[in-house]
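Read the structure below first, then the notes.
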Amino acid sequence: MTADRVTAERRAAQKHQRACIIWLTGLSGAGKSTIANALEAALVEREKHTYLLDGDQLRDSLNADLGFDLPSRDENVRRVAQVAKQFVEAGLIALVALISPLRRQRDFARSLVTAHEFVEVHLSTPLAECERRDPKGLYKRARAGLIKEFTGIDSPYEAPQSAEITIDTTGTTSDECVAKILSYLAAGRY
Ligand code: ADP
């Protein structure tokens with residue numbers, strides 16, 4: 001029985017792709033959800049098989065029991081990383097849009113898969129620009145003291161030191177950002 005088991009490689013080969021995790025990290029408002037959605041659309045257009053794990057959405061479901069203190073944030077990232085790993089085993093390109101503020105959290109996610117299966121994308125959009133955009137009004141509320149432990153304000157964000165891709169989305173279009181990620185993936189034959 002075990003000799004006949006379908007492997008992760010077989011599942012990916014069936015889909016004519018290399019499975020991986022595309023892990024988008026950055027401050028709130030940096031563009032993670034926007035770019036992840038646009039990137040997923042572009043990949044599907046290219047007949048790729050994908051699944052998007054969006055941190056904000058998962059806080060209403062899988063992670064609805066978690067807060068924003070450090071142990072909860074660790075657990076939040078741990079769960080999303082484990083689920084993303086399952087998608088890699090399913091042969092999919094898993095897109096993750098998650099602040100994942102600490103290096104150790106992202107390193108944990110990276111440790112779950114092989115080296116070429118983890119593509120860390122740091123959206124390095126500066127705090128001032130994220131705050132200017134403030135798409136959900138969260139910075140305004142955090143500055144007013146209505147939200148505590150907000151990343152970049154009173155909770156740390158450790159920028160990656162060796163992300164595969166780094167993009168400051170200031171003054172660019174999301175299409176330009178997507179094109180940069182797509183060209184990295186094409187070069188690696190994903
Ligand atoms: P995050 O998921 O990182 O919190 P969002 O994607 O929710 O960020 O919000 C980013 C905001 O920035 C959106 O309002 C988006 O329209 C805007 N924006 C401006 N330029 C870009 C860009 N180049 N890439 C992504 N988002 C951008």
Side-chain angles (χ1 to χ4, degrees), residues 19-40 42-43 50-59 62-63 66 68-85 87-88 92-131 133-136 138-139 142 149-170 172 174 176-185 188 190:
C20 66
I21 299 172
I22 302 173
W23 189 281
L24 295 112
T25 175
L27 295 170
S28 177
K32 300 180 297 297
S33 295
T34 305
I35 290 172
N37 277 286
L39 177 61
E40 184 176 36
L43 288 168
T50 61
Y51 196 80
L52 169 54
L53 292 162
D54 188 299
D56 285 345
Q57 287 174 12
L58 291 171
R59 281 208 172 258
L62 177 69
N63 296 329
L66 300 175
F68 289 88
D69 55 287
L70 220 43
S72 295
R73 284 172 183 264
D74 283 345
E75 177 61 10
N76 184 43
V77 177
R78 188 193 70 78
R79 289 183 196 172
V80 177
Q82 290 286 1
V83 174
K85 176 197 162 80
F87 283 123
V88 167
L92 296 172
I93 295 174
L95 298 98
V96 174
L98 194 65
I99 296 176
S100 46
L102 301 187
R103 223 164 272 140
R104 68 157 188 263
Q105 297 166 342
R106 300 185 300 264
D107 286 348
F108 169 75
R110 188 184 283 275
S111 77
L112 297 179
V113 292
T114 60
H116 74 270
E117 288 173 338
F118 196 82
V119 180
E120 188 172 355
V121 181
H122 176 208
L123 295 183
S124 62
T125 317
L127 177 63
E129 171 66 9
C130 294
E131 198 164 351
R133 293 177 183 173
D134 205 3
K136 297 163 214 141
L138 296 175
Y139 284 99
E149 299 184 283
F150 195 73
T151 305
I153 304 295
D154 57 354
S155 185
Y157 180 79
E158 296 174 350
Q161 290 168 326
S162 51
E164 277 71 16
I165 305 170
T166 301
I167 307 173
D168 177 350
T169 68
T170 313
T172 68
S174 67
E176 288 166 341
C177 301
V178 167
K180 190 167 175 184
I181 301 171
L182 285 175
S183 79
Y184 178 93
L185 296 175
Y190 285 88

*Glu120 side chain to Trp23 backbone, donor-acceptor under 3.5 Å*: no
*Can you see which heavy atom on Thr25 is nearest to which on Pro160, and at what distance?*
CG2-CG, 3.9 Å
*Are Lys32 and Asp56 within salt-bridge range, i.e. N to O under 4.0 Å?*
no
*Test item: Pro101 and Arg106 side chains (from C-beta on) under 4.5 Å apart, heavy atoms*: no
*Between Ser100 and Arg73, does a side-chain hydrogen bond (donor to acceptor under 3.5 Å, both in side chains) hold up when you go through it step by step?*
CA-CA 8 Å; Ser100 46; Arg73 284 172 183 264; over 6 Å; no
*Are side-chain heavy atoms of Leu52 and Gln57 found at a separation under 4.5 Å?*
no
*Apply the test salt bridge (charged side-chain N to carboxylate O under 4.0 Å, His left out) to residues Glu176 and Lys180: give CA-CA distance (whole Å), side-chain angles for both, the deciding distance (0.1 Å), then the verdict.*
CA-CA 6 Å; Glu176 288 166 341; Lys180 190 167 175 184; over 6 Å; no
*Got a donor-acceptor contact below 3.5 angstrom from the Arg133 side chain to the Gly29 backbone?*
yes
_Non-hydrogen side-chain atoms of Ile181 and Val121 separated by less than 4.5 Å_ = yes
*Expected output: side-chain Asp134 to main-chain Tyr139 donor-acceptor under 3.5 Å*: yes
*Can Leu185 and Ile22 be said to form a side-chain contact (heavy atoms from CB on, under 4.5 Å), step by step?*
CA-CA 10 Å; Leu185 296 175; Ile22 302 173; 3.6 Å; yes
*Leu112/Gln82 under side-chain contact (heavy atoms from CB on, under 4.5 Å): CA gap, chis, key distance, verdict*: CA-CA 8 Å; Leu112 297 179; Gln82 290 286 1; 3.9 Å; yes
*asked:* Checking the side chain of Glu117 only, and the main-chain atoms of Thr114 only, is there a donor and an acceptor separated by less than 3.5 Å?
replied: yes
*Of the non-hydrogen atoms in Val88 and Ala19, which two are nearest, and what is the gap between them?*
O-CB, 3.5 Å
_Thr170-Glu129 side chain donor-acceptor pair, cut-off 3.5 Å_ = no
*Report yes or no: does Thr169 contribute a side-chain atom to a donor-acceptor pair with the main-chain N or O of Ala30 at less than 3.5 Å?*
yes
*Quick check, are the ring centers of Phe150 and Phe68 under 6.0 angstrom apart?*
no
*If the plane angle is over 60° it's perpendicular, under 30° parallel, otherwise tilted; pick one for Tyr190 and His116.*
tilted
*asked:* Pair Arg110, Glu164 - check salt bridge (charged side-chain N to carboxylate O under 4.0 Å, His left out), show working.
replied: CA-CA 12 Å; Arg110 188 184 283 275; Glu164 277 71 16; 3.0 Å; yes
